[in-house]
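Report on the following structure.
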Amino acid sequence: MSAPPTTGTPTITRVTGTLAEARPLRDAGLYDLVRVGERGLLGEIIRFKDDVATLQVYEDTTGLAVGAPVVATGAPLTVELGPGLLGAILDGVGRPLARLAAASGDFIAPGATAPTLDPARRWRFTATARPGTHLVAGDVLGTLEEQPGFVHRVLVPPGVAGALRTLADGAYAVADAIGHLGDGTPLHLAQRWPLRTPRPVAERLPADRPLVTGQRVFDLLFPLAEGGAVAVPGGFGTGKTVIEHGLARHAAADVVVFVGCGERGNEIAEVVQEFPRLVDPRTGRPVMERTVLVVNTSNMPVVAREASVYLGISIAEYYRDMGYRVAVMVDSLSRWAEALRDIAARLQEMPGEEGYPTHLASRLGQLYERAGRARACGTPDRTGAVSLVCAVSPPGGDFAEPVTQASLRVAGGLWALDPALARKRQFPAVDWATSYSLHVETTAAWFAAEAGVDWVALRARVLQLLQRDAELREIAGLLGHEALQDRDRAVIEIARLVHEHLLGQSAYDPIDAACPVAKTGRMAALVVAALDAAEAAIERGATIDDLDLAGLRRAYAGLRAAPMALLAERAAAVARVIASLGDARGAAAEVRA
Amino acid sequence: MIAARTHHGARALVGALLYVDDARGAAMGEVVEIRQPGQPPRRGQVIDAGDALTVVQILEEPLGLAPARVAITLTGATAEAPVGRELLGRTLSGVAAPLDDLPPPIGEALRPVWGAPMNPSRRLPPGDFIETGISAIDGLNTLVRGQKLPVFSGAGLPALELAAQIVEHARAGGGEPFAVVFAAIGITARETRLFVERLRDSPARARTVFYLNEARDPTIEQLLTPRFALAQAEFLAFEAGMHVLVVMADVAHYCETLRQVAAARDEVPGRRGYPGYMYTDLATLFERAGVLHDRPGSLTQLPILTMPDDDITHPIPDLTGYITEGQVVLSRELHGQGVFPPIDVLPSLSRLMNAGLGAGKTVVEHRRWADQLYASYARGREARLMATIVGEAGLSDPDRRALAFAARFERELIGQGRTRRTITETIAVGWRLLAELPRDDLERIDDATWARRPGATP
Ligand SMILES: Nc1ncnc2c1ncn2[C@@H]1O[C@H](COP(=O)(O)OP(=O)(O)O)[C@@H](O)[C@H]1O
Ligand SMILES: [Mg+2]
């Protein structure tokens, strides 16, 4: 057996699943990209030992042979950030899926390449920076209209500074120089960014307002702050994806980045079909125009799953730096963690809990930390935010597992989903007793001003009602319905309204799917008023049968599908029922007397 | 890929893994032929290619092989399956060898069995209603073309009967071309017969191809059988323009084999010993369902899976449920009561239901009708549980009504027996049951829907 070469062209010496080994690769750097084999599969160097480099391969390795050539590119995995991202559908390493289809058809062939941004497309750029001024990273060079009505600010990339020599208005492609610095450095519409590195900010700011979700249970009970991060764990079929899609449609963000990480192709197809037709009521434009889809479905290469989440967050940070409020949805973070586990296992690293690598918690922490509100680098002054909503898929639906637990340590909220509710088709299946938000106080003032009610007090009353309901049901479950007083029965009946109509929300009803804050406040206030009225009536001597609870239920149910234009009218109808809730008592009491 | 090379002797043989020194140029997934004097030839596949050491997974029973005496031929090819319309009507082994006294299938093309992922941007969201004739599915967990909807069964429960009934009855609308691909994965000959015989006299037989890996066949082959079947199904769907229904039984056997292979390789085991990559591996099967833009056919999957210990949180059903578009769950209790099909609709789900129902597909009130049936039945089931503690007398009036409703629902709507019901018949049965309840108990039915019920006074 001849000794393998230590100099010369690097070749593959081993392939096992998604990993390969190559040598000699002395001059390349850790995390440098490589092209592997005749087809040029995309890979990345993740370990060096002597002159053997271990490569993780982003594409299917079937057919890759020992002895195949390896070419080091000398650069790490980066994403091209620039105009044209909004509305794009990218795979986990930033290749636009439509271009891949044009190249290789309906099924993805390994080794295809396609630039993230369309190199042919020209953008009308208007310069705002003045030649002669000294520029630093993050300064706004000028603007262009990326989508109708959406201003894309072209920024000086991180690490670049100097006197501006030239900069001109014009129609440019992303690779064209739009100007130069004094030292000759060219400036472009796009920039490259190593996606695993957080983009710098001038200052991190505390959260001060909510990211309105349009879901009553979240906005009222477990609010998400702008720049906050929340984990959404739940077994399969509990409604994680419906929540994530609902947020992508309705959340009050300027830009939405949806990362479909290791999940279903048909779910993506649904988004791709629906979003271009769905109009964002705040801008009057299709929702797709504010959306970036990053897609690496469960049957696509595992290694790219790991990259896809970083890709999505880097894009979000880029728009944050322009001064936008960006929401990132990851569905599902567990698949990202499993990709880490898969890679670690193949590297034969010492496994930690449930086979996950011991660095899982720190990697996950770093990821969540990329959410936040911040003042951007450079001038003029801009504030932006990245909010993060991560679905977590715990095995067997049991939250006592590493990904859920590590998420809880770093997220600012927990939206826990309950399979028992999902089985009853009680959606969103949010377990109110387990869920929490650390942003109740920080967002309270904003909600109160928006809805014109004391949000915190209302929230407390609703939670209290749910708590009493749970206790009473437990008693009834042990001792029978007869063991309950009329007062208790009224509590259960009104709590039923809360579960069914206040917290319950159908994703499939065009009106109910997204609820304005004012309506949420109104519905909550009416439930609390109904409870007070029922208790007062019983206090005055009414029995449960005297209360027109059926009428209340009917009227209240009418609120859900009420558009804002009809809300006042229907709320008044509910209020009338509440006002006369115990009226039957009068008649009954007279008869008794 | 390069030409075939033959090596003599292997360093070691551990279980079904053959360790070969110095097999230069071996490729990941390369098909290997293993010969030894006095032994039948075996096939294998490279799972770890190295310049020093290459690992070959033997795909058949390794009994009788001696590492020092084997000749190992690297064929230069990765596994391919013959596919084509002419395979319809045939009975093949788990790796497409003839079992029907006909010559080996040649087909119209050879396709890599591992397939390639569909480009998600080329997928068309599934939304065409398939009428299976089963009320619990059509009415409450609607199946659509391009969906993957597994049956979660328990040992001894009639999952295959249910699948056979669906295949027999499911008619593609408008006389469009359809086909059935059946993959037996480690099931018994008796179970296979049960399915095959149901189809023998049905017009569906000529449009069905069987891939049979039974319990007595090499287990490792089970990793290939569903892929041979899916390669054929993909061809029929996306190149021959047919609506293809793939039935695979039993995914649990597939997973056991996966675990066995992982253990033989000394891999770090995941939950309950199953490999950490089982989710991804299963996804490469189930995600092959779908519909594509600009192509007329569709690939629908109905995998059958036996839940070990009837435990839905076991890794096999759990990971499957995380990938598939819902699940149809069978209940031992209903089966014990003679209800057929014994489908427990509460843990069952069709995630694509919403796309397949409504005006022009089923009926306009379908969504609310189903929501109400679910809500009333769920309440009845809770009441049943409560009644075991406090007695029926301890229930509130609405709970007592829901309790009675649940019993009738199971008998009349779910327990339809072997007859086929049209969607119209299913909807009518549901309304009949709902009509037993007072209007005030029907919170999910709005007035417009209420007015649309049969027999409503206009
Ligand atoms: N808000 C909702 N309204 C109506 N149905 C819902 C809602 N949320 C979930 N569902 C139902 O639950 C099913 C599963 O939800 P999904 O989000 O796909 O679950 P997960 O992602 O947790 O597996 C959906 O297909 C739908 O039928
Ligand atoms: Mg999901």
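Proteins get letters first, then strands, A, B, ... in listed order; numbering begins at 1 in each.
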Contact part of [X] toward chain B, heavy-atom cut-off under 4.5 Å: side chain, backbone, both or neither?
X        : value
A:Asp342 : side chain
A:Arg554 : side chain
A:Arg425 : both
A:Arg335 : side chain
A:Arg496 : side chain
A:Asp509 : side chain
A:Ile108 : both

Lys/Arg N to Asp/Glu carboxylate O, B:Asp318 vs B:Arg272, below 4.0 Å: no
Among the listed options [options], the residue most often paired with chain B at heavy-atom distances under 4.5 Å:
options                               : value
A:Gly480, A:Ala20, A:Ala98            : A:Gly480
A:Gly17, A:Pro395, A:Gly237, A:Gly67  : A:Pro395
A:Val302, A:Asp60, A:Val272, A:Val66  : A:Val66
A:Glu21, A:Glu270, A:Gln273, A:Gln348 : A:Gln273
A:Glu482, A:Glu354, A:Arg305          : A:Arg305
A:Arg423, A:Arg560, A:Glu38, A:Arg489 : A:Arg423

Between B:His314 and B:Phe152, ring centroids under 6.0 Å: no
Contacts of type side chain to side chain donor-acceptor pair (under 3.5 Å), residue A:Thr61, not counting sequence neighbours: none
For [X] and [Y], test the side chains for any donor-to-acceptor distance below 3.5 angstrom and give the result as yes or no.
X        : Y        : value
B:Asp446 : B:Thr449 : yes
B:Thr78  : A:Thr62  : no
A:Asp331 : A:Thr241 : yes
B:Gln147 : B:Ser350 : yes

Interchain contact, [X] with chain A, by part (heavy-atom threshold 4.5 Å):
X        : result
B:Pro315 : neither
B:Asp440 : both
B:Arg379 : side chain
B:Leu346 : both

Side chain to side chain contact (heavy atoms under 4.5 Å, CB included) involving A:Ala476 - partner list, sequence neighbours excluded: A:Leu484
